[in-house]
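On a predicted model such as this, the values are computed, not experimentally measured, just so you know. Reminder, nothing fancy here: chain letters follow the sequence lines and each chain counts from 1.
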There are 2 protein chains.
Amino acid sequence: MKKPNARDRILETAGELFFQRGYSGVGINEIIDKAGTAKASFYQHFPSKESLCEAWLQEMHDRSIDYHAQLLDSGMPPRDMAAAYFTRLADFLQAGDFRGCPYSNTGAVSDENCCGIVRLIRLHKESTRDFFRRIATRAISDEARAAAIGDRLFVLYSGASSEAQNLKCLWPVEVARDAAVELLG
Amino acid sequence: MKKPNARDRILETAGELFFQRGYSGVGINEIIDKAGTAKASFYQHFPSKESLCEAWLQEMHDRSIDYHAQLLDSGMPPRDMAAAYFTRLADFLQAGDFRGCPYSNTGAVSDENCCGIVRLIRLHKESTRDFFRRIATRAISDEARAAAIGDRLFVLYSGASSEAQNLKCLWPVEVARDAAVELLG
DNA sequence: AGATAAACAGACAGACTTGTCTGTAAAGAT
DNA sequence: ATCTTTACAGACAAGTCTGTCTGTTTATCT
């Protein structure tokens with residue numbers, strides 16, 4: 001019987017619900033019901049729904065940073081790294097019912113005054129761009145060309161997530177993976 | 001003094017607001033206020049908010065079909081067609097305060113039971129994919145290869161819109177355009 | 001002029017939302 | 001044993017939302 005503290009239960013439950021139905025599609029009442037906590041407990045740990053969202057994005061971002069570092073340290077050739085990344089993306093999307101990128105989805109419903117959320121989205125996106133640039137740098141000697149190819153991989157990755165969500169299918173990810181392999185091969 | 005009928009005013013106002021702040025971020029009361037109509041008039045023309053959204057998506061889709069046909073009939077070489085398309089996308093995003101793709105943004109907040117909306121999003125995305133495949137077919141003789149490159153252009157296009165929105169900048173579109181030119185050149 | 005259609009104004013219902021508040025129960029620490 | 005922290009339960013405020021309703025005004029057509 002897992003019984004972590006209330007904060008962790010809230011964060012985990014909110015993460016699942018936010019991912020599945022979007023930040024604006026889930027209310028606090030549902031979160032605390034499913035997490036089995038009282039509303040007062042919620043507001044003891046999070047000053048607002050927005051700050052809960054920030055904690056969720058931050059947690060995913062931390063995990064993403066770990067994964068990027070792990071992949072870059074794996075010793076694989078860059079082409080295989082990119083292929084592994086896209087294969088994992090395909091698994092992730094399929095497992096999550098093609099809900100796409102949580103950051104982009106959250107960004108689509110948060111206006112400019114949610115500056116904490118917007119900041120985290122931008123942070124994560126820039127860090128993912130940087131990850132792809134690092135991969136490209138290992139495959140391409142010309143520095144400027146490597147940066148351009150890295151950005152290209154990043155754009156392909158984003159489009160693959162987005163269209164897999166819209167079309168509820170996997171081919172955009174496969175297309176992006178093939179393109180990435182060609183660009184790095 | 002333009003004074004179209006109430007339905008047109010509602011549709012135009014809703015279009016601007018949906019685009020700017022997202023489908024779920026705009027209420028009917030605001031729409032009818034800004035359109036200068038009564039609520040009863042709204043429900044005389046649209047049975048629900050969802051059907052208003054469908055009318056909006058349909059209208060944009062029709063315009064998009066026209067633009068695609070016009071571009072394909074322009075007599076430009078395929079590489080220039082794609083370049084023109086991405087340049088226009090950049091203008092569109094900049095003019096609209098980097099709000100990204102209305103279809104993807106709407107898809108991010110509509111669940112599966114909004115089946116009319118989901119259908120239109122899928123329709124539009126498939127039609128855009130088809131547009132890129134047609135461009136690729138004119139530049140690449142091998143049929144299978146052309147289809148694959150067309151899909152790649154489509155994924156680049158989607159990623160460019162999405163990341164231009166997230167990062168509030170234009171470089172993803174420029175990256176996608178350069179990649180498209182390379183793929184077709 | 002009289003009939004018909006369309007748009008007007010706006011109250012209202014019912015169900016949601018976030019966030020605050022009061023009070024209670026169960027732990028662990030000194 | 002008492003004190004403090006943490007969590008529980010849930011009512012409540014104040015506002016939002018969509019959609020329905022009654023009734024009035026304006027315009028067009030015959």
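Between the P atom of D/dC21 and the CD atom of B/Gln44 lies a distance of 13 Å, rounded to the nearest Å. Between the CG atom of B/Asn29 and the P atom of C/dA11 there is a distance of 12 Å, rounded to whole Å. Nucleotide D/dA11 holds its C1' atom 13 Å from the CD1 atom of A/Ile32, rounded to whole Å. Summarising the geometry, the separation between CG on B/Asn5 and C1' on D/dT26 is reported as 15 Å, rounded to the nearest angstrom. Between the CZ atom of B/Phe46 and the P atom of D/dT20 there is a distance of 15 Å, given to the nearest Å. The interatomic distance linking A/Arg7 (CZ) with D/dT6 (P) rounds to 13 Å, in whole Å. The distance from atom OH of A/Tyr43 to atom P of D/dC8 is 16 Å, rounded to the nearest whole Å. One atom, CD1 of B/Ile10, and another, C1' of C/dA6, lie 12 Å apart when rounded to the nearest Å.
The base of D/dG19 is paired with the side chain of B/Lys39 by a donor and an acceptor separated by under 3.5 Å. With hydrogens and angles left out, the side chain of B/Lys49 and the base of D/dG19 share no donor-acceptor pair within 3.5 Å.
Mapping A/Ala40 and A/Glu30 onto DNA chain C by nearest heavy atom places A/Glu30 closer to the 5' end of the strand.
Closest non-hydrogen pair, A/Thr137 versus A/Ala146, comes out as CA-CB, 3.8 Å.
Contacts of residues 17-28 of chain B with DNA chain C (heavy atom under 4.0 Å): none.
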Report the C-alpha distance between B/Glu12 and B/Arg9 in whole Å, list the side-chain angles of each, state the deciding distance to 0.1 Å, and finish with yes or no for salt bridge (charged side-chain N to carboxylate O under 4.0 Å, His left out). CA-CA 5 Å; B/Glu12 189 187 328; B/Arg9 258 179 303 155; over 6 Å; no
Where do B/Phe19 and B/Phe92 land on the ring pair (Phe, Tyr, Trp, His ring centres under 6.0 Å) test, with the steps shown first? CA-CA 12 Å; B/Phe19 176 65; B/Phe92 168 78; 5.5 Å; yes
Could you please spell out the steps behind the salt bridge (charged side-chain N to carboxylate O under 4.0 Å, His left out) verdict for A/Arg129 and A/Glu126? CA-CA 5 Å; A/Arg129 176 197 192 189; A/Glu126 288 289 3; 3.5 Å; yes
Verdict with reasoning, A/Tyr85 to A/Phe132, per ring pair (Phe, Tyr, Trp, His ring centres under 6.0 Å): CA-CA 10 Å; A/Tyr85 189 86; A/Phe132 282 116; 5.2 Å; yes
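For the pair B/Arg9 and C/dC8, the criterion of a side-chain N or O lying under 4.0 Å from OP1 or OP2 is met. For the pair B/Thr37 and C/dA7, the criterion of a side-chain N or O lying under 4.0 Å from OP1 or OP2 is not met. The side chain of B/His45 contributes no N or O atom lying less than 4.0 Å from OP1 or OP2 of C/dA6.
Nucleic acid contact for B/Ala6: sugar-phosphate only, since backbone atoms but no base atoms lie under 4.0 Å from a heavy atom of the residue.
For the pair A/Arg88 and A/Tyr67, the distance from NZ or CZ to the six-membered ring centre is under 6.0 Å and the angle to the ring normal is within 45 degrees. Relative to the ring axis of B/Tyr23, B/Lys49 places its NZ or CZ within 45° and under 6.0 Å from the centre.
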